[in-house]
Amino acid sequence: MGQFLPFTKQVLKNLFSAPATTQYPFVAREYPERTRGHVDIDKDNCILCGMCMRSCPPGAINVDRAGKTWTINRFDCVQCGYCVEKCPKKCLSITPGYQEPGPEKVNYSVDVPYEPPKPAAKPAAPAGAAAPAQAAKPAEAPAPQA
Ligand code: SF4
Ligand code: SF4
C-alpha cells in the first residue's frame with residue numbers, strides 16, 4: 001500500500017492545480033514576445049535590393065524587381081533570421097505566430113510600391129553654344145583605272 005502513496009499524492013495535486021497544457025486549438029496560444037514565428041515585411045520600406053533573397057540559406061525568399069513583388073515560402077523558412085539581419089532598410093522582422101499546417105506549400109507574396117529613382121537628366125547646353133561638329137566623312141577611295 002505504501003508504494004502507491006507517492007502516486008496518489010501526485011494525482012491529488014494535479015486534481016487541484018491548473019493544467020500544464022492549453023486546450024489547443026480551442027484556446028489561442030499566447031506566444032512570448034521574442035518567439036521566432038514567421039518573417040514579416042514592411043513593404044513600404046522595401047527597395048527590392050534582393051539582399052534577403054541572397055542571404056536566405058534554404059532559398060525561401062524570392063525578390064522580383066521587374067514584377068515588384070516580395071515572396072516567401074514559409075514552409076521552406078527555418079526562422080534563422082539572416083534575412084532580418086541583412087536587410088539594409090530594416091523592413092523585415094520575425095514576429096510571433098507560426099505558419100498553419102497545410103497540404104500544399106503556399107507562397108506568401110506582397111506587391112512592393114517601391115519606385116526606383118529615375119536617372120538624372122543631362123544639363124541643357126548653354127544658349128549660343130555651337131552644335132557638336134559632325135564626324136568627318138572618310139575620304140572616298142579613287143575610282144579603279146580601266
Ligand atoms: S528567416 Fe532564414 S530561412 Fe527564413 S526567410 Fe529569413 S533567411 Fe530565409
Ligand atoms: S526586404 Fe530588405 S533586403 Fe529584402 S529586398 Fe526588401 S529592402 Fe532588400
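Just follow the structure's listing: the first ligand is 1, and inside any ligand the first atom is 1.
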At a 4.0 Å threshold, what atoms of ligand 1 neighbour a non-hydrogen atom of Pro58? 3 (S)

Relative to the heavy atoms of Pro88, which atoms of ligand 2 are at a distance of less than 4.0 Å? 3 (S)

Give me the other members of the hydrophobic cluster that Val39 sits in, counting Ile, Leu, Val, Met, Phe, Trp and Tyr linked by side-chain heavy atoms under 4.5 Å, directly or via other members. Ile41, Ile47, Leu48, Met53, Ile61, Val63, Trp70, Ile72, Val84, Leu92, Ile94, Tyr108, Val110, Val112, Tyr114

For a distance under 2.8 Å, give residue and atom name for each protein N, O or S atom next to atom 4 (Fe) of ligand 2. Cys52 SG

Listed by chain and number, what are the side-chain hydrogen bond (donor to acceptor under 3.5 Å, both in side chains) partners of Gln10, not counting sequence neighbours? Asn14

Quick one: does any side-chain atom of Asn73 pair with a main-chain N or O of Phe75 as donor and acceptor, under 3.5 Å? yes

For Val39, the ligand 1 atoms with a heavy-atom partner under 4.0 Å come out as 1 (S)

Quick check on contacts: which atoms of ligand 1 are under 4.0 angstrom from a heavy atom of Ile72? 5 (S)

Looking at Lys90, I want to see if its NZ is surrounded by more than 12 non-hydrogen atoms of other residues, nucleotides or ligands under 6.0 Å. yes

If you scan protein heavy atoms around atom 1 (S) of ligand 1, the nearest is Gly81 N, 3.2 Å

Closest protein heavy atom to atom 4 (Fe) of ligand 1, given as residue, atom name and distance to 0.1 Å: Cys77 SG, 2.3 Å

Ranked by distance from atom 2 (Fe) of ligand 1, the top protein heavy atom is Cys80 SG, 2.3 Å

May I ask you to identify the nearest protein heavy atom to atom 8 (Fe) of ligand 1, giving residue, atom name and distance to one decimal place in Å? Cys56 SG, 2.3 Å

Could you check atom 3 (S) of ligand 1 against the protein and tell me its nearest heavy-atom contact, residue, atom and distance included? Val78 N, 3.3 Å

Other members of the hydrophobic cluster containing Phe26, with the 4.5 Å side-chain heavy-atom rule, please. none

Using the rule given for side-chain contact (heavy atoms from CB on, under 4.5 Å), can you reason through His38 versus Gln99, listing the C-alpha separation, both sets of side-chain angles and the distance that settles it, and then say yes or no? CA-CA 7 Å; His38 65 277; Gln99 166 69 37; 5.8 Å; no

Salt bridge present between Lys43 and Asp111 (N-O < 4.0 angstrom): no

Under 4.0 Å between a side-chain nitrogen and a carboxylate oxygen: does that hold for Lys68 and Glu115? yes

Can you name the closest pair of heavy atoms from Pro96 and Tyr31 and give their distance? CB-CB, 3.5 Å

With backbone taken as N, CA, C and O and side chain as the heavy atoms from C-beta onward, which portion of Asp76 lies under 4.0 Å from ligand 1: side chain, backbone, both, or neither? neither

Nearest heavy-atom pair of Cys91 and Cys46: which atoms, and what distance? SG-CA, 3.8 Å

Taking every heavy atom of Tyr82 against every heavy atom of Pro57, the minimum-distance pair comes out as CD1-CG, 3.6 Å

